[in-house]
Amino acid sequence: MVSTNPFGEFRSECEKLLRNAVNRLFPEVSLPKTVLEIPPSIELGELASSLCFELSKRIGEKPRSLAEKIAAEISSTPFTLVESVEAAGAGYVNFHVNLEKLASLTFESAEELDEDYGFVKAEAPLKIIVEHTSVNPLHPIHIGQARNPILGDSLAQILRKRGHTVSTHYYVDDVGRQTAIIAYGYEKLGRPKPEGKPDHFIGLIYTITNCIIEIERLKKEIKKAEELSLREDLAQLRRQLDDWVSVAAELREKHRNLFDKLLDEARKDENPEQAVNELNRRYEEGEETAKRLIREVADQCLEGFRKTFERVGIRFDSWDWESDFVWKSHVRKTLEKLKSTPYVFQSAGVLEFDAEKVADDFELKPKLGLRKDYEIPSLTLMRADGTTLYTTRDIAYSIWKLEKAEKVINVIGMEQTLAQLQLKLALYALGYGEQAENLVHFAYNLVTLPGYKMASRKGRYIAFDQVLDEAVEKAYAEVSKRSPHLSEEEKRAIAEFVGVGAVKYSLVEVDPAKPVVFTWERVLNFERNSAPYIQYTHARACSIMRKAARKPEKPDYKLLAQPVEHEIILMISRFPEIFIEAAENLKPNLIAEHANLLADKFNTFYNSLPVIKAQPPELSDARLSLVNATRIVLRNALTLIGVKAPEKM
RNA sequence: GGGCCCGUAGCCUAGUUUGGACAAGGCGCCGGCCUUCGGAGCCGGAGACCCUGGGUUCAAAUCCCAGCGGGCCCGCCA
């Protein structure tokens with residue numbers, strides 16, 4: 001017997017038994033929704049129902065006595081996976097599973113389905129686009145941004161295994177002032193060949209250029225404020241200037257040549273800020289020299305990103321350049337169309353989108369979970385100089401994505417919630433209301449550093465690459481200590497997947513809605529509740545299988561009578577349900593959690609019970625099946641969160 | 001000022017969507033394990049008014065209301 005969802009079979013049986021029993025006993029009562037839950041303790045059974053509490057109100061009988069009647073009624077009918085039913089507590093109906101049958105079904109299914117065990121297919125597979133990461137090509141990916149590709153890639157992997165056709169997209173945001181700034185600096189330096197990893201080199205030029213321009217800009221604004229004696233503005237501007245001046249000092253300290261050269265060159269320009277804006281405008285217009293320059297810079301930066309992605313095993317199916325949507329008129333046409341709706345107005349020379357009015361006219365506030373009295377701010381669509389803003393371009397891009405897929409998931413930080421809302425409302429205004437419902441903003445919370453605020457524009461960040469390096473280095477030290485006999489090459493290879501795995505796990509393990517405070521301690525954890533711990537447990541299970549060097553020929557599953565064995569059988573049988581929940585609710589952290597719990601139980605098992613030498617042979621075989629199924633689930637779970645499952649380490 | 005997110009042992013987290021039985025792990029702390037298959041491990045112990053106050057309910061960490069604390073957003077940045 002093979003089942004894609006062994007625990008689900010048990011659950012369905014319990015539901016059916018419960019429903020039939022209640023129908024027979026109380027034909028006049030409509031059944032409350034029968035949700036079965038997992039009891040707090042394993043002694044209470046594997047599934048339980050609290051429907052008697054609800055039923056008691058309708059029937060006017062104590063929950064406990066109802067539970068007893070129902071349990072007795074169910075017990076008079078035949079079972080398959082169910083072992084027994086009983087009334088418990090104040091009125092619960094508890095179901096105990098027939099462990100021998102569940103073990104047999106679970107282990108045989110796991111072995112048979114192997115690399116597909118747990119991956120229950122969706123009834124209606126969809127074409128899904130997962131857009132994730134989309135870090136601007138300005139500087140290396142920092143640790144705050146790194147949560148995005150880790151979550152996004154895991155989501156994509158989970159949805160693929162769920163049977164959907166998933167395409168991962170990277171939106172290259174090469175339009176806008178920021179890319180113009182880096183390109184400006186890059187050109188001033190005479191388009192240098194990158195020293196070291198290109199994204200880090202680009203990042204350095206970006207920070208210095210941005211810093212110089214900001215200082216110039218602030219100085220001018222301060223002068224203006226002085227003339228108009230705007231006291232409050234002045235104080236604030238001066239604070240900002242102080243901050244940038246200290247950034248400049250830090251930068252010049254570390255990179256004197258580059259800094260001084262850029263400063264000299266920038267000073268040759270009457271107004272660097274204006275030059276940047278000019279470049280931005282020319283790029284949007286598709287002017288050739290601007291195109292060549294900015295694409296060259298962006299390409300170099302992306303080349304660096306690709307190296308990082310390769311290292312962490314993340315690939316994109318499509319690289320979508322924002323500028324293409326501008327040049328191919330997608331943006332202009334969207335804007336024209338939007339202008340013809342009653343939701344766009346002029347204000348102080350710029351084009352505004354009235355998101356509030358759309359929400360009202362289409363009565364969308366309750367649907368979008370907004371309060372009636374909340375007034376949605378309007379969105380600026382176009383600058384006075386005719387160039388567009390990020391969200392405007394994103395509207396055009398979103399339409400394109402929604403035309404290519406039935407569902408679009410945008411993995412974007414929660415700080416962009418408002419912009420994503422405005423974007424969605426623009427889709428309604430444009431008549432894409434139906435498609436807008438298929439647009440999901442997967443919002444995750446920020447990664448913060450204790451002590452100071454990360455600011456990529458100020459060059460204050462910890463690069464993802466650096467975190468990976470540290471993790472791999474620590475892993476190397478650990479491997480060298482634990483397995484000195486291994487060759488240098490083997491040690492390096494192990495250190496790589498251990499270190500990378502640890503970092504990925506630390507970012508995927510936490511509920512995406514919760515903020516993560518970055519600490520080295522968290523990321524460099526190789527002990528319990530970490531990728532290395534699960535990897536180690538997997539390698540251990542593999543090792544037992546290797547040593548046994550045989551297939552379980554005649555397992556007798558009823559001999560698996562130890563509590564820990566009981567728990568492991570349950571966890572393996574439940575993996576498909578966990579997977580479904582993770583896929584449907586977009587919660588990769590559930591997978592990490594389940595793998596970790598299984599690893600915990602397996603290690604307890606490992607330390608207390610022999611496998612290969614267990615007697616009689618039927619027990620040894622049954623345990624071997626358990627080890628093998630554990631190995632399969634750990635590996636499949638790790639695959640979903642993008643962590644390598646090694647056979648040795 | 002308005003909106004969104006977060007608040008669970010000293011620290012980090014699970015559980016909150018879908019209310020159910022004595023709130024579950026990890027780190028750290030204390031005490032044990034050279035138990036045959038891999039010690040990145042195992043066993044035991046101490047440690048929680050689930051931010052506060054109301055409300056709904058047979059039942060609230062979970063739902064509702066009002067606060068408090070922290071973060072984010074409200075830009076002709078992205």
Side-chain angles (χ1 to χ4, degrees), chain A residues 33 35 37 39-41 44 48-51 53-54 56-57 62-63 88-92 94 134 136 138 173 175-179 277 347-352 369-371 373-377 379-385 387-391 393-394 412-419 421 443 445-446 448 456-457 475 478-479 481-483 498 502 509-511 513-517 519 521-522 525-530 532-537 539-548 585 587 589-590 593 596-597 600 603-604 606-614 623 627 648-649:
Chain A
K33 54 179 174 125
V35 184
E37 60 219 39
S41 158
L44 296 169
S49 170
S50 55
L51 98 164
F53 296 102
E54 187 69 24
S56 123
K57 271 187 287 189
K62 284 247 158 68
Y92 296 92
N94 290 354
S134 305
N136 299 353
L138 307 169
D173 181 19
V175 182
R177 279 199 72 237
Q178 303 198 43
T179 13
N277 290 344
S347 166
V350 304
L351 219 51
E352 290 281 325
L370 300 167
R371 294 188 177 213
D373 52 354
Y374 168 61
E375 195 171 327
I376 305 166
L379 170 73
T380 304
L381 294 167
M382 198 195 265
R383 295 189 184 94
D385 72 354
T387 58
T388 54
L389 284 113
Y390 173 79
T391 307
R393 301 186 296 266
D394 205 7
I412 301 178
M414 56 150 256
E415 73 277 10
Q416 288 199 46
T417 303
L418 176 60
L421 173 68
N445 216 315
L446 264 48
T448 54
S456 39
R457 295 198 324 187
E478 290 290 323
V479 182
K481 195 169 75 194
R482 293 164 200 278
S483 314
V498 167
E509 166 222 11
V510 183
D511 181 339
K514 308 232 175 177
V516 167
V517 177
T519 57
E521 197 189 354
R522 180 199 283 275
N525 172 29
F526 292 178
E527 294 177 2
R528 266 185 267 187
N529 194 17
S530 73
Y533 174 66
I534 300 167
Q535 289 173 315
Y536 181 78
T537 309
R540 214 176 210 186
C542 290
S543 169
I544 295 175
M545 298 310 294
R546 265 198 312 275
K547 288 247 162 65
N585 299 318
K587 293 185 98 169
N589 52 309
L590 296 182
E593 190 197 352
N596 184 54
L597 287 174
D600 268 346
N603 284 317
T604 300
Y606 176 90
N607 273 275
S608 54
L609 302 168
V611 175
I612 296 170
K613 292 180 186 165
R623 285 191 179 150
V627 173
K648 293 178 183 173
M649 66 185 269

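Every chain is numbered from 1, with letters handed out A, B, ... down the list of sequences. Only heavy atoms go into these numbers, but all of them, side chains included; no hydrogens, no water, no symmetry mates. Because the structure is predicted, anything quoted here is derived from the model rather than measured.
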For the side chain of [X], counting heavy atoms from C-beta on, which of [options] is nearest?
X	options	result
Asn445(A)	C58(B), A21(B), C5(B)	C5(B)
Arg383(A)	C77(B), A14(B), A21(B)	C77(B)
Gln178(A)	C77(B), C43(B), G20(B)	C77(B)

Assigned partner base of [N], Watson-Crick or wobble definition, under 3.5 Å:
N	result
U56(B)	none
A24(B)	U13(B)
G69(B)	C6(B)
C29(B)	G45(B)

> With a 3.5 Å cut-off and just heavy-atom distances, do the side chain of Asn94(A) and the base of A21(B) make a donor-acceptor pair?
Replying inline: yes
>> Once hydrogens and angles are ignored, does a donor-acceptor distance under 3.5 Å link the base of U16(B) to the side chain of Lys514(A)?
In response: yes
> Considering heavy-atom distances to RNA chain B, does Val510(A) or Asn596(A) have its closest nucleotide positioned more toward the 5' end?
Replying inline: Val510(A)
>> Using heavy-atom distances to pick each residue's nearest nucleotide on RNA chain B, tell me which of Pro377(A) and Glu478(A) is more 5'.
In response: Glu478(A)
No-hydrogen, no-angle side-chain donor-acceptor test under 3.5 Å, [X] and [Y]:
X	Y	value
Asp600(A)	Tyr533(A)	yes
Asn136(A)	Gln178(A)	no
Glu352(A)	Thr380(A)	yes
Arg528(A)	Asn603(A)	no

Separation of [N] [atom2] from [X] [atom1] (nearest whole Å):
X	N	atom1	atom2	value
Arg371(A)	C73(B)	CZ	P	21 Å
Asn607(A)	G39(B)	CG	P	7 Å
Asp511(A)	U17(B)	CG	P	13 Å
Leu609(A)	U35(B)	CG	C1'	11 Å
Leu370(A)	G2(B)	CG	C1'	13 Å
Glu509(A)	C27(B)	CD	P	12 Å
Arg177(A)	C77(B)	CZ	P	7 Å
Glu593(A)	G26(B)	CD	P	13 Å

When rounded to the nearest Å, what value does the distance between [atom1] atoms of [N] and [M] take?
N	M	atom1	answer
C51(B)	C68(B)	C1'	7 Å
G25(B)	G31(B)	P	23 Å
U62(B)	U18(B)	P	15 Å
C65(B)	U56(B)	C1'	11 Å
G70(B)	C63(B)	P	23 Å
C50(B)	C72(B)	P	29 Å
A21(B)	G39(B)	P	38 Å
G55(B)	G19(B)	C1'	15 Å

Which is true for [X] with a 4.0 Å heavy-atom rule: it touches a base, it touches only sugar-phosphate, or it touches nothing?
X	result
Val517(A)	nothing
Phe53(A)	base
Glu375(A)	nothing
Ala539(A)	base
Ala348(A)	base
Tyr533(A)	sugar-phosphate
Val479(A)	base
Ala384(A)	base
Thr519(A)	nothing
Ile612(A)	base
Thr417(A)	nothing

> If only atom types and distance count, is the side chain of Ser608(A) paired as donor or acceptor with the main-chain N or O of Thr604(A) below 3.5 Å?
Replying inline: yes
> Does Val510(A) offer a backbone N or O that forms a donor-acceptor pair with the side chain of Asn589(A) under 3.5 Å?
Replying inline: no
> When the ring centroid of Tyr92(A) is compared with that of Phe53(A), is the distance short of 6.0 Å?
Replying inline: yes
